[in-house]
Amino acid sequence: MNREELEWCVSVPKVELHAHLNGSVRNSTLFELARVLGDKGVIVFSDVENVIMKDDRTLHEVFKLFDLIHILTTDHSTVTRITKEVIEDFAAENVVYLELRTTPKRNDSIGMSKRSYMDAVMEGLRAVSSVDVDYSPAGLKTNTFNGSTRKKMYVRFLLSIDRRESTEAAMETVKLALEMRDLGVVGIDLSGNPIVGNWSTFLPALKFAKEKGLYITLHCGEVPNQEEIKAMIDFFPHRIGHACCFDEENWRKLKSAKIPVEICLTSNIRTETISSIDIHHFVDLYKAKHPLVLCTDDSGVFSTSLSREYNLASSSFGLGKTEMFQLAEIAINFIFADDGVKADLRATFEEAVKKLN
Ligand code: 6MZ
């Protein structure tokens, strides 16, 4: 990786639309948490260390890793800590608009409800100190914003439904999202192990969310389940993630529906969902001018960053600086926020282009 090119990618303002909170935790934080639980005898530290350090994982192994990460992170104070760190890490990458997604978790044994989990997330957001964060759709709530000249970042939340969940649990997540709208929750994501669960289980909750005006993004086509892919496109979500294993017919459908695709290059390669970067569907979508946005997915788990994803796209697909800047800027069109936010972001990019040239 060329250092000068990577630094340039860092300096470009960027929009991140597909980042899972627990997949974006720093390795150093995971080790620290594992050490504490190891000392308490809850886990064996060396086992955890080996699992976290492993570089290439199949998609199946990734979900086993998430179960481990959740053991380390799922109490209120840790959720607050990782939220603060993850937002600050994205800010350091020059991400000017972040949609962070997470699965609200209920754990009766520690008195955690989906709501209290999200309250802990919100506390983490309010604790961010390296940048001013605008997190309210009404533009009213910020951490320190007024009159400040510090760097500013927009943060919005998507609540994830895990494919292991029941219809009732999915519905609870949607109701929670509606309750938390003025705290920056803008939509719903469907994620989790793609070989688990059925589309029909989640459809009632997703339909309800859409009717109530929440934005919807779906993990779609991480495995070649063409029937599900077709049903998902017919649902017409506002965006989809991945889109790796489409047959020709579904590919045509996606393109004519013009549903924006969140592309996660490193994640797809590391999990072997796509066998090699030079056959990645980014190229086809990019050439067709299909709406797409580069994203990290799980920057901690896959040891990447948004700048690295841009750098990888540039080196793999031969895109120059003008194309890369345009790619970053065009992502504004696909965010789940109002025209005021979009206009403000466009102004940020206009300023940046003057400095970069
Ligand atoms: C599908 C994924 C994922 O929600 O606990 N998640 N789901 N495909 C992926 N690609 C590799 N990466 C992450 O963050 C972790 C959760 O996000 C989903 C999984 O459900 C995982 O448990 P949160 O913050």
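Whatever order the structure lists ligands and atoms in, that order sets their numbers, starting from 1. Source: prediction; values computed, not measured.
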Inset, instruction - Give a yes or no on this: more than 12 heavy atoms of other residues, nucleotides or ligands lie within 6.0 Å of atom CZ of R346. - result: yes

Inset, instruction - Would you check whether D297 has a nitrogen or oxygen atom less than 3.5 angstrom from a nitrogen or oxygen atom of ligand 1? - result: yes

Inset, instruction - Say whether L68 and V42 are linked into one hydrophobic cluster, either directly or through other cluster members, by side-chain heavy-atom distances under 4.5 angstrom. - result: yes

Legend entry - ligand 1 atoms in contact with N22 (distance to a heavy atom under 4.0 Å): 5 (O), 14 (O), 15 (C), 23 (P), 24 (O)

Inset, instruction - For H219, take its heavy atoms, then give the atoms of ligand 1 lying under 4.0 Å from any of them. - result: 1 (C), 7 (N), 8 (N)

Legend entry - Distance filter under 4.0 Å to L21 heavy atoms, resulting ligand 1 atoms: 24 (O)

Inset, instruction - Consider only side-chain N and O atoms of D75 and S77, and report whether a donor and an acceptor are under 3.5 Å apart. - result: yes

Inset, instruction - Could you pull out all residues at least two apart from H281 that satisfy ring-ring contact (aromatic ring centres under 6.0 Å, His included)? - result: W251

Inset, instruction - Between C264, G300, G192, flag the one that comes closest to atom 7 (N) of ligand 1 by a heavy atom. - result: G192

Legend entry - Ligand-residue contact atoms, ligand 1 with H70, heavy atoms, under 4.0 Å: 5 (O), 15 (C), 22 (O)

Inset, instruction - Using non-hydrogen atoms of the residue, decide whether K105 is closer than 4.0 angstrom to ligand 1. - result: yes

Legend entry - Taking atom 4 (O) of ligand 1 as the reference point, the nearest protein heavy atom with its distance: T103 OG1, 2.5 Å

Legend entry - Where ligand 1 meets D162 - atom numbers and elements under 4.0 angstrom, heavy-atom basis: 20 (O)

Legend entry - Nearest neighbour in protein (non-hydrogen) for atom 24 (O) of ligand 1: T102 OG1, 2.7 Å

Legend entry - Plane angle bin for H219 and H18 - parallel if under 30°, tilted between 30 and 60°, otherwise perpendicular: perpendicular

Inset, instruction - Check whether the ring centres of F349 and F325 lie less than 6.0 Å apart, and answer yes or no. - result: yes

Inset, instruction - Would you please classify the geometry between the F317 ring and the H280 ring as parallel, tilted or perpendicular, with 30° and 60° separating the classes? - result: tilted

Inset, instruction - Could you tell me the residue and atom name of the protein heavy atom closest to atom 6 (N) of ligand 1, and the distance to it rounded to 0.1 Å? - result: H20 CE1, 3.3 Å

Legend entry - Distance filter under 4.0 Å to D298 heavy atoms, resulting ligand 1 atoms: 3 (C), 11 (C), 12 (N), 13 (C)

Legend entry - Residues which pass ring-ring contact (aromatic ring centres under 6.0 Å, His included) with F208, listed by chain and number, not counting sequence neighbours: none

Inset, instruction - Specify whether F66 and H20 have parallel, tilted or perpendicular ring planes, treating 30° as the upper limit for parallel and 60° as the lower limit for perpendicular. - result: tilted

Legend entry - Shortest protein contact, atom 9 (C) of ligand 1 (heavy atom only): E222 OE2, 3.5 Å

